[in-house]
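First listed ligand is number 1; within each ligand, the first listed atom is number 1. Heads up: numbering here begins at 1 and tracks the sequence.
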Amino acid sequence: MTAITQSVDLDRRGRVAVLTVNNPPVNALSQHVRQGLRDGVKQAIADAGVGAIVITCAGRTFIAGADITEFGKPPREPGLHEVLELIEGSPKPVVAAVHGTALGGGLEVTLACHYRVGVKDARFGLPEVKLGLLPGAGGTQRLPRVVGVDKALQMMVSGDPIRADEALKHGLIDEIVEGELTAAGVAFAEKVLKDNRPLRKIRDLTEKVTAARGKPEVFAEFRKSVARQTRGFRAPENIIKAVEAAVNLPFDAGIKRERELFAELLTSPESKAQRYFFFAEREAAKIPDVPGDTPAKDIKKAAVIGAGTMGGGIAMNFANAGIPVTVVEVAKDALDRGLGIVRKNYEATASRGRLTMADVEKRMGLITGTTDFDAIKDADIVIEAVFEEMPIKKEVFAKLDGIAKPDAVLATNTSTLDVNEIASATKRTESVIGMHFFSPANAIATAMTVGRRIAKVPVLVGVCYGFVGNRMLHQRGLQAEKLILEGALPHQVDKVLTNFGFPMGPFAMGDLAGLDVGWRIRKGRGTKSPVADRICELGRFGQKTGLGYFKYEKGDRTPIPDPEVEKIIVDVATDQGITRRHITDEEILQRLLYPMVNEGAKILDEKVAIRASDIDVIWVYGYGWPVYRGGPMFWADQIGLKAVRDKMAELQKATGDAFWTPAPLLKRLADEGKGFTSS
Ligand code: 3H9
């Protein structure tokens with residue numbers, strides 16, 4: 001075996017040269033990998049004893065793509081294009097042997113090979129779109145030539161990988177192999193040599209693209225079909241354009257077009273934000289006080305207290321991950337109702353073809369409903385999802401304390417209450433998740449692991465009112481309320497946020513969540529929100545009553561502006577002596593989002609969140625912040641913290657309202673010319 005570079009080895013198995021990439025953790029195409037592949041292929045071509053070449057990888061996966069950490073830095077030779085041209089132009093057949101995931105540039109390497117084989121559980125995809133990019137090493141030109149235009153568009157615009165059996169069906173791979181992969185790859189290469197099979201260059205294939213040639217309607221149709229999910233993103237359109245080029249232009253001209261479209265994306269703010277977010281998401285898994293090797297409990301059984309919307313949803317997450325879960329409710333009818341909704345949700349997914357009825361039954365089979373609290377006694381984790389009221393939560397935890405296994409993790413699903421106080425109802429506060437001062441490393445490690453297992457992105461935060469997400473949301477809500485009194489209308493405020501990229505604005509969100517919840521809390525606390533209170537007094541609780549801040553047609557969730565609400569707003573404004581004025585969209589955006597950023601700064605200062613990027617992960621995953629804007633903290637950095645601080649200070653001066661006082665951390669970073677997410 002010869003080491004070509006630090007990450008690529010060349011080995012000989014009879015007539016077959018084997019190039020093995022070993023660049024942990026995911027065999028990304030770093031400079032030394034590209035160089036190793038180029039020099040290794042050159043050596044194999046030059047070696048008269050070599051008849052064919054196999055490219056494979058060590059470790060957990062095939063090449064997972066370009067090295068994202070290299071983006072934005074000066075390019076280093078050799079470029080991936082050069083390597084791929086060499087592979088495709090090799091006079092000796094090159095076979096890619098894939099395990100794990102062949103993603104992005106990794107799949108593009110295989111597409112430059114003459115043949116591809118993979119193990120049964122290998123996956124193949126071009127996920128560049130998730131980084132705001134397009135496959136920039138020939139993927140947009142080669143994939144349609146192999147799998148056809150429709151499949152290629154769908155794979156590249158969704159970014160989702162396909163399984164080996166599907167890849168085989170679409171001609172993306174030539175064979176699913178068994179046994180030791182390198183040996184299987186070598187055996188396949190031997191077969192190619194023995195049968196004297198041709199050097200199949202994808203660049204020369206045209207059969208699958210000619211049907212769409214000169215037919216813009218094929219692409220117009222596709223654009224229409226993905227318009228909703230791609231709204232606001234820049235990459236999908238460039239991908240579609242690149243595939244149009246693949247269909248209508250000769251290969252080399254198509255590659256040139258692909259490069260232009262790739263370059264456009266690489267420097268776009270959307271891609272910058274999405275690449276930032278890729279790392280932010282992974283960073284969130286790292287907890288400074290909890291070393292990576294902290295043992296997490298193996299969760300074999302779970303229990304959920306409460307069969308409401310949250311409880312049912314949490315139970316489904318466990319069942320989806322194959323973990324048996326017991327759902328406990330006080331009353332039998334509430335339990336039946338809750339489980340009925342769970343079944344209906346699964347059946348709805350099945351009716352869209354995303355689950356089989358057998359899957360539905362299997363998952364329902366993992367969920368056991370009961371009114372007997374004792375049923376939780378063998379659960380490894382218990383998640384409470386009952387009413388958001390402290391006395392009820394404490395009662396539940398006191399009960400859990402007496403029944404749950406000594407080493408069970410007890411978790412609360414509260415979104416606003418003090419976890420420490422909830423925990424105080426038990427004699428095992430260190431097992432109740434959410435207490436930063438106890439640093440319950442095992443509970444944290446377990447909660448983070450179980451979160452990932454049930455396909456969530458867990459983010460650890462400390463305890464404060466509303467935690468990170470709702471605390472920041474509250475600031476936004478206060479301004480939304482003010483803005484409508486000062487002159488804006490709910491649909492204008494909402495439109496500013498949907499144009500920004502949120503799936504909905506604060507008023508439509510209130511209608512969706514139900515306005516009665518906040519109304520009840522306000523009545524309990526003796527606080528007021530004049531417009532919302534008047535709306536609720538009319539029995540307008542939002543979508544569920546067909547009327548809220550907006551009105552709704554039966555069976556339709558589209559919010560329609562309602563003159564009756566406009567009248568309430570104007571009346572309240574008059575009562576409060578407010579002269580309504582025209583408010584610009586820019587003012588709306590700044591007044592809604594800057595207070596969130598400011599609150600985020602306080603949250604960081606208080607160390608409730610570990611890092612700014614964690615706040616961004618919460619907002620993107622939890623509250624629909626558009627990922628192509630990175631998250632509130634990253635977004636503020638892009639505007640410049642000085643500009644944010646100055647605007648806040650200006651509003652403070654104009655209104656005399658302490659609400660606008662810039663947070664100390666915002667002030668300090670602005671003074672130092674720094675950002676939250678960068679130094
Ligand atoms: C591309 O290819 C462009 C080309 O078309 C054109 C070029 C001209 N680079 O996710 P994990 C790190 S664009 C650098 O936790 P998993 C990651 O940060 C690329 N680093 O593991 C983490 O580091 P740490 C297209 C990378 O098992 C560690 O690896 N490809 C890269 O849950 C483990 O990652 C993609 O978009 C990378 N490409 O999932 C694929 N990938 O331990 C992106 C990962 O320090 N990657 N890292 O936190 C993935 O989707 C997942 O990482 C993968 C493994 C499925 C591979």
Examine [X] against ligand 1 and note whether any of their N/O atoms are separated by less than 3.5 Å.
X	result
Ala64	yes
Pro127	no
Gly136	yes
Phe279	no
Thr69	no

For ligand 1, the portion of [X] having any non-hydrogen atom under 4.0 Å away:
X	result
Leu131	side chain
Glu108	side chain
Arg60	side chain
Ile68	both
Lys286	side chain

Run down the list Glu128, Glu258, Glu283 and name the one with the heavy atom closest to atom 5 (O) of ligand 1.
Glu128
If you count the atoms of ligand 1 from 1 in the order shown, which ones are under 4.0 Å from a heavy atom of Pro135?
5 (O)
Using a strict cut-off of 4.0 Å, indicate which atoms of ligand 1 neighbour a heavy atom of Gly104.
2 (O), 25 (C)
Would you confirm whether Arg203, through its side chain, and Gln141, through its main-chain N or O, come within 3.5 Å as a donor-acceptor pair?
no
Indicate yes or no for a side-chain donor-acceptor contact from Ser271 to the backbone of Thr267 under 3.5 Å, with no hydrogens or angles considered.
no
For [X] and [Y], which heavy atoms make the closest approach, and how far apart are they?
X	Y	answer
Leu86	Arg38	CD2-O, 3.4 Å
Trp625	Gly631	NE1-N, 3.1 Å
Val21	Ile63	CG2-CD1, 4.3 Å
Ala246	Pro144	CB-CG, 4.1 Å
Gly139	Leu111	CA-CD1, 4.4 Å

Protein residue, atom and distance nearest to [atom], heavy-atom basis:
atom	result
atom 55 (C) of ligand 1	Leu103 CD1, 3.9 Å
atom 7 (C) of ligand 1	Ala66 CB, 4.0 Å
atom 14 (C) of ligand 1	Asp67 OD1, 3.4 Å
atom 46 (N) of ligand 1	Phe278 CZ, 3.6 Å
atom 44 (C) of ligand 1	Val26 CG2, 3.5 Å
atom 11 (P) of ligand 1	Arg282 NE, 3.5 Å
atom 12 (C) of ligand 1	Pro25 CG, 4.3 Å

Protein non-hydrogen atoms only, distance under 4.0 Å: does [atom] have such a neighbour?
atom	value
atom 16 (P) of ligand 1	yes
atom 53 (C) of ligand 1	no
atom 2 (O) of ligand 1	yes

For the CZ atom on Arg76, are there more than 12 heavy atoms of other groups (residues, nucleotides or ligands in this structure) within a distance under 6.0 Å?
no
How about CZ on Arg200, more than 12 heavy atoms from neighbouring residues, nucleotides or ligands closer than 6.0 Å, or not?
yes
Kindly compute the distance separating CG (Leu261) from NZ (Lys256), expressed to the nearest 0.5 Å.
11.0 Å
Using 30° and 60° as the class boundaries, would you call the ring planes of Phe277 and Tyr621 parallel, tilted or perpendicular?
tilted
Within 45 degrees of the ring normal and closer than 6.0 Å to the centroid, is that where the cationic atom of Arg223 sits relative to Phe219?
no
Mind jotting down which residue pairs meet the side-chain hydrogen bond (donor to acceptor under 3.5 Å, both in side chains) criterion with at least one end in residues 105-119? Sequence neighbours excluded, please.
none
Decide yes or no on side-chain contact (heavy atoms from CB on, under 4.5 Å) for Tyr346 and Asn320, but give the supporting numbers first.
CA-CA 10 Å; Tyr346 276 138; Asn320 296 348; 2.6 Å; yes
